[in-house]
Amino acid sequence: MSNGESPLSLSVVTPERSVLEEGCASVSLPATEGYLTVLPGHTSLVSTLAVGVLSYRQGTKEGALALSGGFFEVSDDVVTVLTQEAQLPDEIDAEAARKELQEASDSLGRLSGEELRQARLTVQRAEARLAVSSKQ
């Protein structure tokens with residue numbers, strides 16, 4: 001466990017890099033069953049992540065990352081996130097995300113099957129990146 005100001009330890013890792021190592025008071029994650037908030041003393045668990053926004057709080061400071069699914073584990077006040085892609089606010093090109101969102105949204109009515117599923121995921125990823133980019 002961390003010091004009294006940061007009772008949770010948050011680690012976000014992709015196959016390419018360690019994205020974030022922070023002490024924090026709370027973490028909210030996009031679990032596949034819906035958003036989940038982890039506070040100190042949370043029961044241990046392992047779950048899958050959906051595409052979405054991970055947010056965390058350190059005192060009065062808040063941070064966020066856009067995630068592209070994966071897994072997370074909570075154990076002994078340590079939150080470990082394993083994801084294919086994680087982007088911090090300053091790593092996001094908001095204009096490119098808006099363009100990607102528009103193109104994917106426009107294609108939804110014309111697609112079916114796996115193409116439709118992929119387009120919906122693209123929409124979700126672009127929405128998450130735009131939400132995080134606005135927190136710069």
Same cluster (ILVMFWY, side-chain, under 4.5 Å), [X] and [Y]:
X     : Y     : result
Val13 : Leu45 : no
Leu82 : Val74 : no
Leu65 : Val38 : yes

Check: [Y] main-chain N/O paired with [X] side-chain donor or acceptor under 3.5 Å:
X      : Y      : result
Tyr35  : Val53  : yes
Asp77  : Gly41  : yes
Ser105 : Gln102 : no

Provide the closest heavy-atom pair for [X] versus [Y] in the form atom of the first, atom of the second, distance.
X      : Y      : result
Thr37  : His42  : O-CD2, 3.8 Å
Ala25  : Leu8   : O-CD1, 3.6 Å
Pro15  : Thr83  : CD-O, 3.3 Å
Val132 : Ala64  : CG1-O, 3.7 Å
Ala104 : Ser107 : O-OG, 2.8 Å
Ala86  : Leu67  : CB-CD2, 3.7 Å

Whether over 12 other heavy atoms sit under 6.0 Å from Gln84 CD: no
Neighbour count >12 (heavy atoms, 6.0 Å) for atom CD, Glu21: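 Yes, enclosed.
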Ionic contact status for Arg129 with Glu95, cut-off 4.0 Å: no
Candidates Leu54, Leu29, Val78 - the one meeting side chain to side chain contact (heavy atoms under 4.5 Å, CB included) with Leu10: Leu54
Quick one: [atom1] on [X] to [atom2] on [Y], what's the gap to the nearest 0.5 Å?
X      : Y      : atom1 : atom2 : value
Glu127 : Leu101 : CD    : CG    : 5.5 Å
Glu73  : Ser11  : CD    : OG    : 11.0 Å
Leu39  : Cys24  : CG    : SG    : 10.0 Å
Glu115 : Leu108 : CD    : CG    : 11.5 Å
Leu49  : Thr32  : CG    : OG1   : 8.0 Å
Arg125 : Glu85  : CZ    : CD    : 7.5 Å

State, yes or no, whether a side-chain contact exists between [X] and [Y] at a heavy-atom distance under 4.5 Å.
X     : Y      : result
Glu62 : Lys135 : no
Phe71 : Ser47  : no
Pro89 : Ser133 : no
Tyr56 : Val79  : no
Lys61 : Arg57  : no

Pair Arg110-Glu103, salt bridge (Lys or Arg N to Asp or Glu O under 4.0 Å): steps then yes or no: CA-CA 12 Å; Arg110 301 186 308 266; Glu103 290 173 359; over 6 Å; no
